[in-house]
Amino acid sequence: MSSSWQSHPPYSNTKKDDDLIKYHASCYCGLIQYVIYDEFPVDSTYCHCHGCQILQGAPYQWACIFPKTSLYFTSGLDSLEFYNNSENTQNHILPCKVRCKQCSSPLADEGRRMWLAFPQTFKEFRASETIREKLKPSCHIFYGQRTILGDFLKGDGLPKFEAHKNKSKQILDE
Ligand SMILES: [Zn+2]
Ligand SMILES: [Zn+2]
């Protein structure tokens, strides 16, 4: 069954040359597979907000931001599941969470133009320290909502914003 979201990026993107692939991403069970053609994300952040903590099942979320036009899905479009938190619906309303129907692992947060990928889903991320360095976060956001584990990141040298990047007060990093 095809829905209207399938006719928009990143789902409608055309395949590029395999040599241009920088990252291979997949959900835990492997049903969903996609590739990214950009080496460096537009930005990379750690988000400590309550929503990320609960929906991610983690003390904070690490997201690497890529334009939706830089992706190509190689399999699993039928296994995608969406969640828009402001409407509390699984309809594809942006921005939304994207995960696998089968294994429930979170793949990304989908914005209007940007795709906030979770780098733990990249094969290359797990294999190489050099790659992890390329994807390194520029800052912490919603650090005001951090858990006790977020406190372990104090002194890592990255700016720590109480809420949105460059739009909220910075929390002293000591
Ligand atoms: Zn899966
Ligand atoms: Zn968040």
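This chain uses plain numbering: 1 for the first residue, then up along the sequence. Read the numbers this way: they start at 1 and go in the same order the structure lists the ligands and their atoms.
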Trainee: Taking 2.8 Å as the limit, list every protein N, O or S atom around the Zn ion (ligand 1), by chain and residue number.
Mentor: Cys27 SG, Cys29 SG, Cys100 SG, Cys103 SG
Trainee: Does one hydrophobic cluster hold both Ile171 and Tyr60, with members joined at side-chain heavy-atom distances below 4.5 Å?
Mentor: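 No: no chain of side-chain contacts under 4.5 Å links Ile171 to Tyr60.
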Trainee: Sub-3.5 Å donor-acceptor pair from the side chain of Thr74 to the main-chain atoms of Gln33, do we have one?
Mentor: yes
Trainee: Examine distances only and state if a side-chain atom of Ser138 and a backbone atom of Asp43 form a donor-acceptor pair shorter than 3.5 Å.
Mentor: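 Pair absent, no side-chain N/O of Ser138 close to backbone of Asp43.
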Trainee: For Trp115 and Tyr34, which heavy atoms make the closest approach, and how far apart are they?
Mentor: NE1-OH, 2.9 Å
Trainee: SG (Cys52) to the Zn ion (ligand 2) to SG (Cys47): angle, nearest 10 degrees?
Mentor: 120°
Trainee: To check you understand the geometry: which heavy-atom pair defines the closest contact between Ile21 and Tyr37, and what is its length?
Mentor: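 Heavy-atom minimum between the residues: CG1-CE2, 3.7 Å.
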Trainee: Without swapping roles, check the side chain of Thr45 against the backbone of Cys47 for a donor-acceptor pair under 3.5 Å.
Mentor: no
Trainee: Taking the six-membered ring for Trp, are the ring centroids of His164 and Phe142 within less than 6.0 Å of each other?
Mentor: yes
Trainee: Look at Cys49 and state whether any of its N, O or S atoms is less than 2.8 Å from the Zn ion (ligand 2).
Mentor: yes
